[in-house]
Peer 1: 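Attaching a single structure in structure tokens format; questions to follow.
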Amino acid sequence: MNWCPELGTVLANEEVIDGKSEVGGFPVIRKPMRQWMLRITAYAEKLLADLDTIDWSDSLKEMQRNWIGRSEGAEVKFQIAGSGTGILPVCSKDKADAETHRQDACATTIRVFTTRPDTLFGATYMVLSPEHKLVPQITTAEQKKAVEDYKAHAAGKSDLERTELAKEKTGVFTGAYAINPVNGEKIPIWIADYVLASYGTGAIMAVPAHDERDWEFAKKFGLKIQPVVGSLQMRGQDITPSPTVPNGVNLTTFVTIAEKQAAVHYFTDVCVAADGVGIFSSNPEVSLDGLGTNEAKNKITAWLEEKNLGKQTINYKLRDWLFSRQRYWGEPFPIIWKNGQHEALPESALPLLPPTLEDYKPTSSGEPPLARAKDWLNLPDGSIRETNTMPQWAGSCWYYLRYLDAKNSTAFVGKDVESYWMGGEGYRLKVEGFRKDVAANPEPLTLEPSTSTPGVDLYVGGTEHAVLHLLYARFWHKVLFDLGLVSTAEPFFKLVNQGLILGSDGQKMSKSRGNVVNPDDVLVEYGADAFRLYEMFMGPLQDTKPWNTQGVEGVYRFLGRVWRLFVDEPSETEFEQAETVTTKAQSHQGLLDLIKLNSSIKDVAATPAQLKTLHACIKKVTEDLDGMRFNTAISAMMVFVNDAISWEAKPVSVLKTFLQLLAPFSPHLAEELWAKLATFNLQPATNLAYAPWPKFDAALLVENEIEIPVQVNGKLRDVIKVSVTATVAELEALALANEKAKPYYEGKTIKKIIVVPKKLVNIVAT
RNA sequence: GCCGGUGUGGCGAAAUGGCAGACGCACAGGACUUAAAAUCCUGGGACCAUCAAAAGUCGUGUGGGUUCGAGUCCCACCACCGGCACCA
């Protein structure tokens, strides 16, 4: 287990980064402990495949794919030399261990996983991870001391040290040998920490000619290097090695006798891990010589299966999910222990609440804090409660379901409610009413048919959850789906990663760099409206971008302009003076009433130009909100204000609509100004938040005259004003009549004239 | 090493294959002010030239390509950011 002494708890693999805890950055060591796991590996394939069904960023999907780490290959059995002859008497009795390592309890073979079974003829030695269960069994008396020293050395290394020291290969010989099943060769078995106990079978066949790591190891310890994949580069020909046999090349005769030695020599100097064609790879029953890598893989795997020496296998990097923690704050497991056996509490005993504890701090021994609650711990029938608790992820895996139906006391979420909110498009719901147990709601709601997208409509979050929450929640949801408890196989179909906000130096914010911006300070200085507006104005939502406090100043000034667009400045001065002499007892509302609307705001009809400005703004803001392009939506509102502020008479209807656009971006200010507009008796919704979203009228945006660029050979030479209805012929004539363009094509032959109505004219001349 | 992303003014950025730099920051000049702050107005990619201006040339990381036309599409490369990494 990954044990973090500082946090006093175990951690999941995903929570350990570079050998340190993801939270706090404390050292993590390995410690044997008995813990609860969730079998997320059973969902590896579904978690991988269903990534294709969801709308997430490529990078995020790729992170999950890498984390799941699917590899296709083969498992191959290597006979231990001398096994069955009585030379190797010790067998492991531990069935659980045997299962973990997919190893026979009394082993006569070692299993390895490889993605390159086609290189089996080149396996010249084997390596077991130091923790491999067969190590004590196979180690010879002469090598015992060396092996045990090495194991102790490896165990003492933290994960961090193990990766940091990865450069230099280390290892020791066990004294034992195995038999390469394809050629009967007796090959030495080593142990080395470059082989991980937690991946595959914890043992590998080493093919130094075609694997970088094996090659380094073989070089260091003088082990045999046998090439089995030829590439045409070996002959000095500049032909890219191909997984399939290139046309016209007879590869079975590729390596001549003379070339054989050269090939071996070549591979001892350099390691080629690329695909190629088989060489030196035949026995009386099977030959891979001349075959492309894919063909060779298939052929040898089939042969191994036929001989019961191995089988095709898929391996995952994903490990089962360590789901218990030694913390007080966390859901207790609804599990009790009777006579050393565990059993689940009945549903009637749920939810299981944690006991009240005076001392809830972690213990140093690793025993969970709940063990201190003796009353809670021991049940009348003599059974004992499980004292581990669930990690924080347990709640985040289903809160989005619980939010739909938070007061439901009989189920985690009502079936109808879940279908309504999470069900996909086309789902038609016939519900009589809301659930009856919601007594607080006297008038049962009727759920309309859902036309929304399935799952959570939109999930916004950072990439830091890529292989934590976002993987766990998908797994959890899939389990619920398979149990028939939710409508969809995925919880979040549409996910957007907001980009990281960097410090003003363009570096990640961190205390050590001293570039951290405290939101509270910004709020105090500029207010919540300016803060959120700035965050949206900085740039595209998904982009990483540096913080710039002067940028906040900029949007703050914009909000000031909006304010002055509506408010009479002398009355504001009056307010400010009154405020300084007013005691707290006096009504704030009375003070605010001193602020009057700008007298240029009038209940008059808007001019066509004003309407055009407004409706261009409505269009842009509406479309940009749909696309989550908040930065450009805000620019559009700035453009509107820059124009409107110069209007002598400001039609109240236009300003009112503008406030509706501003409301989602700057709700406080917009709502305040909305209330001021009430003096006009426009009967707006009492609360701006409930006002309907404005619609734009495309007819108001139509231009009569537009500016058309005139190009010669693609270069801009002039801009002409034309009627929007100008025909192709008219545009062509106007362009040819243009004096500024003329010098650039005079004396040349006009080959053609490109006219794109409403866009441009391009005269092509040579 | 592998995977993903991003390269446009001094800075954040904008631009259905069609006038590159909208909008904002910073800067400079001006107005208002005793002065400052705030506010308002004006200016600006680079180069060349000039008393000044017009005109001109170049310009979206680099090199090619497609196209009447490329920041945008295609190919190759470089740089930076993020993730994974002895995964057999």
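Chain identifiers are assigned alphabetically (A, B, ...) following the order of the sequence lines, protein sequences preceding nucleic acid strands; residue numbering begins at 1 within each chain.
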Peer 1: When syn is taken as a glycosidic angle within 90 degrees of 0, is rG9(B) syn or anti?
Peer 2: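 In terms of base orientation relative to the sugar, rG9(B) is syn.
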Peer 1: Answer with yes or no whether the side chains of Trp56(A) and Gln64(A) bring together a donor and an acceptor at under 3.5 Å.
Peer 2: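 No donor-acceptor contact under 3.5 Å links the two side chains.
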Peer 1: rA14(B), rU39(B), rG24(B): which one has an atom nearest the side-chain heavy atoms of Arg557(A)?
Peer 2: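 Nearest to the side chain of Arg557(A) among the choices is rU39(B).
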Peer 1: For Arg629(A), report the nucleic acid contact type (base, sugar-phosphate, nothing); a contact means any heavy atom under 4.0 Å.
Peer 2: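 It contacts nothing in the nucleic acid.
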Peer 1: How would nucleotides 1-11 of chain B be written as a contact map, 5' to 3', with B for base contact, S for sugar-phosphate-only contact and - for no contact, using protein heavy atoms under 4.0 Å?
Peer 2: --SSS------
Peer 1: Could you please name the option among rC86(B), rA13(B), rA88(B) that lies closest to any side-chain atom of Asn631(A)?
Peer 2: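 The answer is rA13(B).
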Peer 1: Where the side chain of Leu760(A) is concerned, which of rG18(B), rA13(B), rC25(B) is the nearest nucleotide?
Peer 2: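 Among the listed nucleotides, the one closest to the side chain of Leu760(A) is rG18(B).
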Peer 1: For the side chain of Val195(A), starting at C-beta, report the closest nucleotide among rG12(B), rG69(B), rA88(B).
Peer 2: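 In terms of side-chain proximity for Val195(A), the closest of rG12(B), rG69(B), rA88(B) is rA88(B).
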Peer 1: Choose from rC68(B), rC86(B), rA88(B) the nucleotide whose nearest atom is closest to any side-chain atom of Ile754(A).
Peer 2: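 Within the option list, the nearest is rC68(B).
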Peer 1: My validator wants the stems of RNA chain B: runs of 3 or more consecutive Watson-Crick or G-U pairs, both distances under 3.5 Å, written as range with range.
Peer 2: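 Looking at RNA chain B, the stems formed by three or more consecutive pairs are B:1-7 with B:78-84, B:10-12 with B:23-25, B:27-31 with B:39-43, B:45-47 with B:56-58, B:61-65 with B:73-77.
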Peer 1: Let's test your reading of the model: under 3.5 Å, does the base of rC68(B) pair with the side chain of Lys751(A) as donor and acceptor?
Peer 2: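 Not at all, since no donor on one side and acceptor on the other fall under 3.5 Å apart.
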Peer 1: Does Tyr534(A) put a side-chain nitrogen or oxygen below 4.0 Å from OP1 or OP2 of rC25(B)?
Peer 2: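 For rC25(B), OP1/OP2 do not have a side-chain N/O of Tyr534(A) under 4.0 Å.
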